[in-house]
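Heavy-atom basis, side chains included; hydrogens, waters and symmetry copies ignored. Position 1 is the first residue of the sequence; numbering continues from there. Only a predicted model underlies this, so the values are computations on that prediction, with no experimental measurement involved.
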Amino acid sequence: QVQLVESGGALVQAGGSLRLSCAASGRTVKSYAMGWFRQAPGKEREFVAAIRWSGGSTYYADSVKGRFTISTDNAKNTVYLQMNSLKPEDTAVYYCAASGYVKLITSPGRDDYWGQGTQVTVSS
């Protein structure tokens with residue numbers, strides 16, 4: 001079993017920055033890749049970024065490329081999402097997930113591990 005707990009969501013002005021954290025636990029957590037997703041009201045869940053614990057491999061949605069950075073602290077079993085130059089359209093509930101690297105990017109689903117989400121609101 002893998003448990004994921006997100007934190008760091010807040011209300012921020014457009015152009016501002018925010019860092020989300022995902023604390024991961026479980027004996028097998030390091031065997032999975034980690035990802036961030038988001039879901040805005042009335043919209044489907046959207047992939048944001050993915051990373052391998054082993055480092056070196058990251059992947060971003062085009063909508064956040066150059067503004068968001070995903071990273072890990074392997075000693076703390078924590079995944080971060082640094083969000084810069086935030087826009088109102090970034091407003092959503094952000095979720096952390098664990099699964100296979102390719103699966104996170106191409107076909108995430110209920111069979112993956114998910115956190116409870118953290119709200120990010122960007123005001124204009």
Taking G117's backbone N and O only, do any of them form a donor-acceptor pair with E6's side chain (distance below 3.5 Å, no angle check)?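 Yes, the answer is positive, given that a donor and an acceptor are paired below the 3.5 Å cut-off.
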Open item on the list: Main chain of A97, side chain of W36: is a donor-acceptor contact present, judged purely on distance under 3.5 Å?
Closed with: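 Such a contact is absent between W36 side chain and A97 backbone.
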I'd like to know if the side chain of [X] pairs up with that of [Y] as donor and acceptor (distance under 3.5 Å, no hydrogens or angles considered).
{"X": "K30", "Y": "N74", "answer": "no"}
{"X": "S25", "Y": "Q3", "answer": "yes"}
{"X": "S17", "Y": "N84", "answer": "yes"}
{"X": "T91", "Y": "E89", "answer": "no"}

- Query: Do Y95 and F37 have ring centroids that are under 6.0 Å from one another?
  - Reply: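 F37 vs Y95: aromatic centres not under 6.0 Å.
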Mind listing the side-chain donor-acceptor pairs of residues 48-55 below 3.5 Å, one per line with the distance, residues two or more places apart or on another chain?
from : atom 1 : to  : atom 2 : distance (Å)
R52  : NE     : S57 : OG     : 3.3
W53  : NE1    : V29 : O      : 3.2
W53  : NE1    : Y32 : O      : 3.2

_Less than 4.5 Å apart, side chain to side chain, heavy atoms only: is that true for L18 and V120?_
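Of all side-chain heavy-atom pairs linking V120 with L18, at least one is under 4.5 Å.
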| message | Nearest 0.5 Å, please: how far is OG1 in T118 from CG in L81? | response |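 One finds 11.0 Å between CG of L81 and OG1 of T118.
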Check your understanding: Does the salt bridge (Lys or Arg N to Asp or Glu O under 4.0 Å) test come out yes or no for D62 and K65, once each step is laid out?
Key -> CA-CA 5 Å; D62 288 342; K65 201 172 294 183; 3.1 Å; yes
**Request:** Identify whether NZ of Lys or CZ of Arg in R38 sits under 6.0 Å from the centre of the six-membered ring of Y94 and within 45° of that ring's axis.
**Result:** no
How about Y59: does its OH atom have over 12 heavy atoms from other parts shown lying under 6.0 Å from it?
no
